[in-house]
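Below: one structure, written as structure tokens.
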Amino acid sequence: MGLLDRAGARLTSHPEEAEILIVNTCSFIDTAKQESVDTILEMARFKTSGSAKRLIVAGCLVERYRDEIQKSIPEVDAVVGTGELESILEAAGLARPQAIAVPGLFNILSGSGQAESRPGKESQAGTHKANQPAFRAEGDLREQQGRFRRDDWQGATHMLPTYLYDESTPRFLTTPKSSAYIKIAEGCDHPCTFCVIPNLRGKFRSRRFESVVAEARQLVARGVQEITLIGQDTTCYGEDLGLKDGLATLLDALASIEGLRWLRFLYAYPNRITNRLLDTIAKHDNICKYLDVPLQHASPAVLKTMKRGAGADIFLKTLEKVRAAVPGIALRTSFIVGFPGESLLDFELLQAFIQEARFDWLGVFNYSDEEGSGAFSLDAKIPKRTIEARKRRLMKLQQSISKRAKQQWVGRELVVLAEGESEETPLLWEGRTQFHAPEIDGKVYINDFAELGPSVATLEPGRFYKAQITEAHEYDVVARIVSGPL
Ligand code: SF4
């Protein structure tokens with residue numbers, strides 16, 4: 001979007017107004033593929049009706065079904081994979097990339113710049129080319145073992161994406177003006193057998209440390225006050241750059257940026273939560289006391305087949321360590337139900353673990369049988385209705401855990417970021433505390449700000465207030481503003 005904006009395109013989220021339609025897709029599980037295809041078909045109608053001239057499909061679906069998309073949906077004019085972002089301009093017919101002055105992108109296209117400025121390192125698979133990132137030895141080894149193979153995907157190219165953006169890549173923010181995401185790394189070298197993300201996104205590679213810090217500074221200068229760091233595995237950050245405790249060091253540097261109120265990272269890998277990382281979260285006031293650690297399961301047998309290892313006992317110790325190091329921390333996780341061979345006993349173990357672990361936020365995914373994943377060839381597939389029933393049971397269990405936990409919040413005074421009027425009713429405002437990550441966790445509904453005085457008719461979106469929690473529901477809480485903006 002940043003590239004298109006810089007090239008002179010006027011962006012709109014109303015397809016009926018657009019000349020060029022771009023569908024950014026996802027394809028890591030069945031429901032994501034379905035949603036992507038449905039959206040492409042919906043947009044294709046604007047092209048057939050003549051209101052739009054061009055339809056482009058971008059993102060992960062392209063990495064997987066590159067040829068298939070255009071063959072099956074002839075309205076599609078061009079596809080842009082995750083490793084060729086800069087070709088969006090050509091695809092849109094706006095300009096050839098060479099004609100657009102976008103520093104940094106030239107560098108990537110011509111094979112100099114960002115990739116060369118990374119520490120030189122010989123890959124185990126052979127000397128890496130000048131315009132390729134230096135991957136971790138683990139990634140190179142996994143590649144040799146076939147981890148990233150796309151042979152099963154008809155129409156996919158064999159080239160894995162190697163792209164990384166940098167601080168000079170233009171960005172167009174679609175998040176509320178106070179919040180932004182920063183991707184600090186791309187790809188993943190883990191061998192999880194249910195997951196095709198490494199096949200889609202390629203080997204793990206980190207953005208340069210200075211580039212992330214520079215981007216964060218730019219965002220804060222633009223008014224961003226909350227930054228969420230993302231990547232397929234944020235806790236691996238910097239390993240390919242030769243950094244020890246890369247994520248903790250990065251958090252230290254970012255936390256010192258003046259004006260940055262909230263900083264958090266998502267998607268920690270469980271066995272990479274180091275003491276140094278926890279100490280870093282604990283010591284900075286502006287690092288949110290929040291940890292998202294997807295555990296996927298709790299039964300050692302299932303986790304072993306998933307090639308993730310560990311189990312309930314080890315996880316409970318990890319959670320204990322986290323809670324001791326960062327008192328009051330909010331914990332989020334996600335699980336997969338219905339992985340091939342998941343017995344009733346495995347499932348009961350997972351339930352018992354959830355009961356004991358008391359997560360603040362929890363997501364449950366149904367196992368999706370993906371061609372190209374290690375688990376695809378496993379026998380003992382679980383019927384869909386059993387998977388659905390297991391998911392419902394876990395969600396019900398978490399509902400009661402969450403309700404009890406949220407009741408403990410009543411009476412507490414917390415800093416809340418006001419986000420805007422509620423989508424449900426203009427009588428309520430919505431906000432978040434540091435214990436809620438953007439978009440995924442519950443909400444704080446604000447129903448009273450009379451304390452701010454008779455002259456205050458409304459709250460200001462993107463500003464922080466002190467609020468007292470007055471009611472708790474299953475996932476959401478209600479609050480009244482006591483002072484602010486802070
Ligand atoms: S760590 Fe996450 S992205 Fe990487 S293979 Fe495992 S589930 Fe997939």
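These values consider heavy atoms only, across backbone and side chains, with no hydrogens, waters or symmetry-generated copies. Whatever order the structure lists ligands and atoms in, that order sets their numbers, starting from 1. Positions are given from 1, in the same order as the sequence printed here.
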- With atoms numbered from 1 as shown, which atoms in ligand 1 lie under 4.0 angstrom from a non-hydrogen atom of Arg308? 6 (Fe)

- Query: At a 4.0 Å cut-off, with the gap strictly under it, does some heavy atom of Arg201 reach an atom of ligand 1?
  - Reply: no

- Item | Non-hydrogen side-chain atoms of Phe135 and Asp240 separated by less than 4.5 Å | no

- At a 4.0 Å cut-off, with the gap strictly under it, does some heavy atom of Phe194 reach an atom of ligand 1? yes

- Task: Give the contacting part of Pro191 toward ligand 1: side chain, backbone, both or neither, where contact means a heavy-atom distance below 4.0 Å.
- Result: neither

- Query: Can a donor-acceptor pair be found between the side chains of Asp140 and Gln144 at a distance below 3.5 Å?
  - Reply: no

- Note on the structure: closest protein heavy atom to atom 4 (Fe) of ligand 1 is Cys188 SG, 2.3 Å

- Task: Say whether Arg147 and ligand 1 are in contact under the criterion: heavy-atom distance to a ligand atom below 4.0 Å.
- Result: yes

- More than 12 non-hydrogen atoms from neighbouring residues, nucleotides or ligands closer than 6.0 Å to OH on Tyr267, yes or no? no

- Would you verify whether the NZ or CZ of Arg332 falls within 45 degrees of the ring axis of Tyr290 while also being under 6.0 Å from that six-membered ring's centre? no

- For atom 4 (Fe) of ligand 1, does an N/O/S atom of Cys192 lie at less than 2.8 Å? no

- Under 6.0 Å between ring centres, would you say that holds for His297 and Phe339? no

- Passing candidate, salt bridge (charged side-chain N to carboxylate O under 4.0 Å, His left out) with Asp189, options Arg201, Arg136, Arg142, Arg147: Arg136

- Task: Taking both backbone and side-chain atoms into account, decide whether Cys195 has an N/O/S atom under 2.8 Å from atom 8 (Fe) of ligand 1.
- Result: yes

- Within a distance under 4.0 Å of any heavy atom of Pro198, pick out the atoms of ligand 1 and give their elements. 5 (S)

- What protein heavy atom sits nearest atom 2 (Fe) of ligand 1, and how far off is it? Gln232 O, 4.4 Å

- Task: Give a yes-or-no answer on whether the side chains of Glu342 and Tyr367 include a donor-acceptor pair shorter than 3.5 Å.
- Result: no

